[in-house]
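None of these values were measured; they are calculated from a predicted model. Start at 1 and go down the list; that is how both ligands and their atoms are numbered. In this chain, numbering begins with 1 at the start of the sequence shown.
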Amino acid sequence: MTVKLYEADPYLIEFTATVTKVDGDWVVLDRTAFYPGGGGQEHDHGTLDGREVTGVKGKGEISHLVPGHGLTVGSQVKGMLDWSDRYALMRAHTGEHLLFSVLSKRTEMELVKIALSREKKVLIVKGHLDWEMVRDAVHEVNDIIVKGAEVTCQHVDRENMGEGGPRVKLDRITDRMVRVVSIGEHDSAACAGVHLRNAKEVGMLLVSKFTSAKPAGDWEIEFQVGPEAVRTAVDHSVRSLMLAERLGALPQDSLTAFDNRERELTRAREALKVYGKMALSSLLPEKLGEWNFYSGSFTGLDRKLVMEKANEMVAAGSSVAALVCQDDKTFLVLACSTDVKLDCVSILNSVLSNHGGRGGGKPNFASGGTPGQIEPHVLLDKISLLLKNR
Ligand SMILES: [Zn+2]
């Protein structure tokens, strides 16, 4: 058994210990301040006699992965934690207890997964949540952090845990005595992890991402704590102010302003579609030998609509349609009736390739574009010339 120094004193950074077992690069100590990970939190990092500890594992007996250690049983070693990493994880872990607890008060929620690492802090939950609930919960968590709340640990007999007691999944715990961590009056949960002494030390908690986590759970909630949370909050706030300025609205009205813009855009797109259809339908063919040749260019029209119309134009037989759709690029469609024996793909590519573009399709229908804008008549005149010379 390894004495878990981190349980009694999670603020212990340095310690001395004796090696009790060696297995390759893995070293077991009689006592350790290295948290082996658990409860979704990753293991600690640091050094043993100056050599990097790259892994920590175990429950009763704790092993430390120290590549090239050169230690033997009985060696006295000095361990040192990477404190900035550990402290950040303690902040995140304590913050996670508060966040989950405060969210659970608002809605029935089930915890699916916790993942707390140096890079990312994530909660995956099942339950009915929305942005407003998340915002209110984050406000409440930060109120608790500002006021402060003492974090305490006690061992409670599993027989004495009933309704209204601490959050616990007894099926995951084998010991009779369960370690219960409480944060003032705000939360009480079974946990074997490392926590702060006081919620005040979290500094600040910020939800930085709230997205669907299906099928694993309903929601993935990514959060940040401490100075990292403050930096992100300032960045997000400035971006939100910049966006509000562009929308010509106050920050608190920017969502409504965005919705209004979106409605305007939808209406404009619908109008464009109606007028586009009218413009395409009014296109008259010229005679090219025995063929009807439709040729025209349209700015800002939906490409799908232009392709549909090209197909309609050649459906009656003995017809060719060359249509250009112009936006920030130039898009060309070439279609012919089945009785017109043309290879639309090769004609289209011979025209587009002069301008760095290309396309594909079938012998009677091809489409493609150029990387930039090309005057439509340049493409259409070339096609007309190729068809006349056949
Ligand atoms: Zn915990």
Side-chain angles (χ1 to χ4, degrees), residues 4-12 32-45 56-59 62 81 83 85-105 109-125 137-138 140-142 144-145 148-158 161 164-175 177-207 217 220-226 228-229:
K4 294 163 184 142
L5 300 170
Y6 55 83
E7 277 190 353
D9 183 8
Y11 288 76
L12 187 66
T32 187
F34 280 90
Y35 180 57
Q41 181 176 327
E42 93 174 318
H43 67 80
D44 284 336
H45 292 81
V56 188
K57 66 176 184 184
K59 280 188 175 163
I62 296 177
L81 296 194
W83 180 244
D85 278 353
R86 157 64 97 74
Y87 193 53
L89 286 170
M90 277 159 63
R91 278 176 145 157
H93 193 127
T94 310
E96 170 267 309
H97 276 243
L98 282 176
L99 181 62
F100 185 82
S101 168
V102 165
L103 280 171
S104 317
K105 277 191 239 160
M109 229 171 56
E110 186 195 329
L111 181 63
V112 177
K113 190 183 167 189
I114 306 172
L116 306 175
S117 68
R118 292 183 287 186
E119 296 78 24
K120 214 173 161 185
K121 284 92 187 155
V122 177
L123 265 180
I124 294 179
V125 297
V138 171
E140 192 179 332
V141 168
N142 282 306
I144 296 169
I145 292 169
E150 207 187 334
V151 181
T152 51
C153 285
Q154 56 176 324
H155 287 84
V156 180
D157 194 311
R158 59 186 293 144
M161 295 208 186
R167 288 189 282 119
V168 62
K169 285 188 172 169
L170 284 173
D171 54 323
R172 293 192 188 172
I173 300 170
T174 48
D175 297 338
M177 298 304 282
V178 181
R179 186 169 182 256
V180 173
V181 177
S182 302
I183 306 176
E185 303 289 301
H186 309 288
D187 182 49
S188 199
C191 185
V194 280
H195 309 86
L196 300 169
R197 290 188 189 115
N198 195 297
K200 219 178 187 69
E201 292 176 57
V202 178
M204 176 180 173
L205 184 139
L206 176 82
V207 167
E220 178 178 327
I221 305 168
E222 202 174 313
F223 66 98
Q224 295 178 1
V225 288
E228 191 190 16

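Counting only heavy atoms from C-beta outward, the side chains of R179 and M177 never approach each other to under 4.5 Å. Between F223 and L205 the shortest side-chain heavy-atom distance falls below 4.5 Å. Side-chain atoms of L111 and V125, non-hydrogen and from C-beta on, do get closer than 4.5 Å to each other.
Only protein atoms were considered; those of element N, O or S under 2.8 Å from the Zn ion (ligand 1) number 4.
Ring planes of Y35 and Y6: perpendicular class, angle over 60° (limits at 30 and 60°).
The pair E96-K121 does not count as a salt bridge, with every side-chain nitrogen at least 4.0 angstrom from each carboxylate oxygen.
Under the salt bridge (charged side-chain N to carboxylate O under 4.0 Å, His left out) criterion, K105 pairs with E140, sequence neighbours left out.
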